[in-house]
Protein chains: 2
Amino acid sequence: MFYVTLNLIVSAMSKCQQCIVKQFNALKALGKEDLIRISGCKTSKSVKKGEILFREGESVNGIYCIKDGVCKLSKLSANGKEQIVKLVVRGDLIGQRSLVTDEKSNLTAIAVNEMQVCFIPKSEVLHDLSRNASFSLDMLQDMAKELRLADNIIVDMAQKPVKQRLADVLIYLYNTFGNDDKDYLGVILSREDYASIVGTATESAIRILSQFKKEGLISTRGKHIKILDLEGLKRIE
Amino acid sequence: MFYVTLNLIVSAMSKCQQCIVKQFNALKALGKEDLIRISGCKTSKSVKKGEILFREGESVNGIYCIKDGVCKLSKLSANGKEQIVKLVVRGDLIGQRSLVTDEKSNLTAIAVNEMQVCFIPKSEVLHDLSRNASFSLDMLQDMAKELRLADNIIVDMAQKPVKQRLADVLIYLYNTFGNDDKDYLGVILSREDYASIVGTATESAIRILSQFKKEGLISTRGKHIKILDLEGLKRIE
DNA sequence: TAATATCTATGATATATGTCATGTTTTACG
DNA sequence: CGTAAAACATGACATATATCATAGATATTA
């Protein structure tokens with residue numbers, strides 16, 4: 001009985017070999033032996049909403065695998081405003097960049113809601129990168145996709161007006177997080193967060209959301225946002 | 001005598017083993033044998049100003065190594081305007097992303113001035129990626145750096161005003177291309193190109209450059225721009 | 001559950017940027 | 001070298017977005 005309980009606990013702390021989350025990232029390319037090795041030296045932890053995983057300018061010293069929850073990657077601009085560069089979700093890895101270039105983090109990672117993450121030390125990942133070509137290729141593919149996304153964001157920032165960018169964000173959130181049981185978006189962000197993703201003033205984000213409400217595109221209840229007319233949002237320009 | 005001449009010609013077409021440009025990119029991680037193999041199947045070509053290497057939506061089917069010249073990577077936005085995402089210079093590789101993800105190009109590559117490039121077929125590069133971990137790691141590092149740069153551009157686009165972004169571009173061009181023998185910037189771009197990098201209307205770019213002239217920060221002669229007060233440009237905000 | 005802090009909302013106004021029109025200069029090319 | 005096409009320049013004006021002020025709603029916690 002003791003052993004059964006212990007196994008359950010260990011399983012709750014999850015062995016990498018059995019973790020399904022890795023299907024969404026480069027870790028799926030690792031063989032059983034490597035997974036067991038990594039499993040032995042990884043640390044799991046839960047991160048509360050608002051907690052910081054790492055700050056801009058700090059060393060990360062490994063990668064985080066997001067088992068659950070959402071995290072924002074942001075950077076302070078010269079004028080002191082936070083710009084959110086990316087939302088990181090279940091299955092994503094963060095910290096690969098600093099790992100590979102051996103530099104301090106360029107971004108700050110803050111939990112948007114309760115998260116479950118695993119931390120894998122740098123040395124273990126580098127070990128696998130140096131031996132496992134298919135792991136490296138997978139990592140390369142992930143970064144290539146991130147880069148494509150980043151390029152598209154640059155174009156949008158440069159060419160689309162704020163209203164359209166905000167509509168795009170709502171559509172993205174809907175596609176990525178879906179709805180909760182009451183048809184509200186599956187992730188809750190403050191208006192300030194919306195502004196920081198779109199790259200505008202908080203008041204402007206609030207104003208445009210109010211306008212969307214008047215136009216029947218969305219409804220809100222506090223921070224909860226419900227999308228009423230997805231097609232209408234797509235037509236915004 | 002015949003052999004000497006032949007050697008010179010072959011050398012002008014440059015063997016990868018002897019090419020110094022690769023020092024600036026991931027190809028430096030390849031061993032002599034791989035370089036000889038690649039040298040045998042690469043094609044060199046010169047590209048005239050304004051010519052297109054590849055278009056958004058096309059397959060690239062390999063990577064280009066830039067031996068000389070400058071190239072702009074751009075993307076058309078929904079409103080039909082060109083946004084320049086990156087300037088590619090001597091030593092850079094392009095096409096790695098599409099190669100790794102096996103997707104069509106997200107960007108269009110157009111020569112800004114006369115270029116010398118080598119094209120290496122996809123299969124050869126994939127061969128090396130699958131066998132040479134240090135090559136893969138180098139490629140990963142390059143992409144990680146590109147990604148960091150892209151994130152910084154997103155933040156700047158979102159938070160810095162047009163005037164500051166244009167000043168930043170001038171500073172970047174000065175740092176990257178230096179001056180010609182008459183102290184003009186070492187790369188010549190149209191006002192429209194400046195606008196497409198900054199992400200603004202051509203008239204706005206022209207207006208701000210005129211303002212910089214009046215303030216004694218730069219002088220211009222047609223497309224040629226001379227930086228008179230670098231520190232002044234850095235102070236713009 | 002009341003009190004407080006934080007977040008949301010909206011008006012008034014300032015500033016930044018885009019658009020259209022038009023004239024001038026530069027560049028490309030026969 | 002002259003001419004046409006392209007690029008540059010600038011004014012007038014329209015629109016988008018930011019900022020400041022203030023009120024109201026929501027969330028947090030004692």
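All of these numbers come straight from a predicted model, not from anything done at the bench. Convention: sequence-line order gives letters A, B, ...; per-chain numbering from 1.
In this structure, the nucleotide among dA7(D), dC7(C), dA9(C) sitting nearest to the side chain of K223(A) is dC7(C). For S190(A), the listed nucleotide lying nearest its side chain is dT8(C); candidates were dA9(C), dT8(C), dA9(D).
Atoms CD1 and OH, on I208(A) and Y194(A) in that order, are 13.5 Å from each other to the nearest 0.5 Å.
Atom CG of L189(A) is separated from atom C1' of dT8(C) by 15 Å (rounded to the nearest Å). Rounded to whole Å, atom C1' of dC8(D) lies 13 Å from atom CD1 of I218(B). Atom P of nucleotide dC7(C) and atom CZ of R221(A) are separated by 20 Å, given to the nearest angstrom. The distance from atom NE2 of H224(B) to atom P of dT25(C) is 18 Å, rounded to the nearest whole Å. If you take NZ of K49(B) and C1' of dT27(C), they are 9 Å apart, rounded to a whole angstrom. Between I188(A) atom CD1 and dT8(C) atom C1' there is a gap of 15 Å when expressed in whole angstrom units. As rounded to whole Å, 14 Å separates atom C1' of dT17(D) from atom CE of M157(A). What separates NZ of K213(B) from P of dT25(C) is a distance of 12 Å, to the nearest Å.
In this structure, Y172(A) and L87(A) have side chains that are in contact, with non-hydrogen atoms separated by less than 4.5 Å. Within the 4.5 Å cutoff, the side chain of Y184(A) has no heavy atoms near those of the K223(A) side chain. In this structure, the side chains of I66(A) and V21(A) stay at 4.5 Å or more apart for every pair of heavy atoms.
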Whether each nucleotide of nucleotides 12-23 of chain C has a protein heavy atom under 4.0 Å at its base (B), only at its sugar-phosphate (S) or at neither (-) is summarised, 5' to 3', as B----SBBB---
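Within a 6.0 Å radius of OH in Y174(B), other residues, nucleotides and ligands contribute 12 heavy atoms or fewer. Counting non-hydrogen atoms of other residues, nucleotides and ligands closer than 6.0 Å to CD of Q141(A) gives a total above 12.
Distances shown here put a side-chain N or O of S210(B) below 4.0 Å from the OP1 or OP2 atom of dT10(D).
Pairs of residues two or more places apart, or lying in two chains, never qualify as salt bridge (Lys or Arg N to Asp or Glu O under 4.0 Å) while including a residue from residues 207-219 of chain A.
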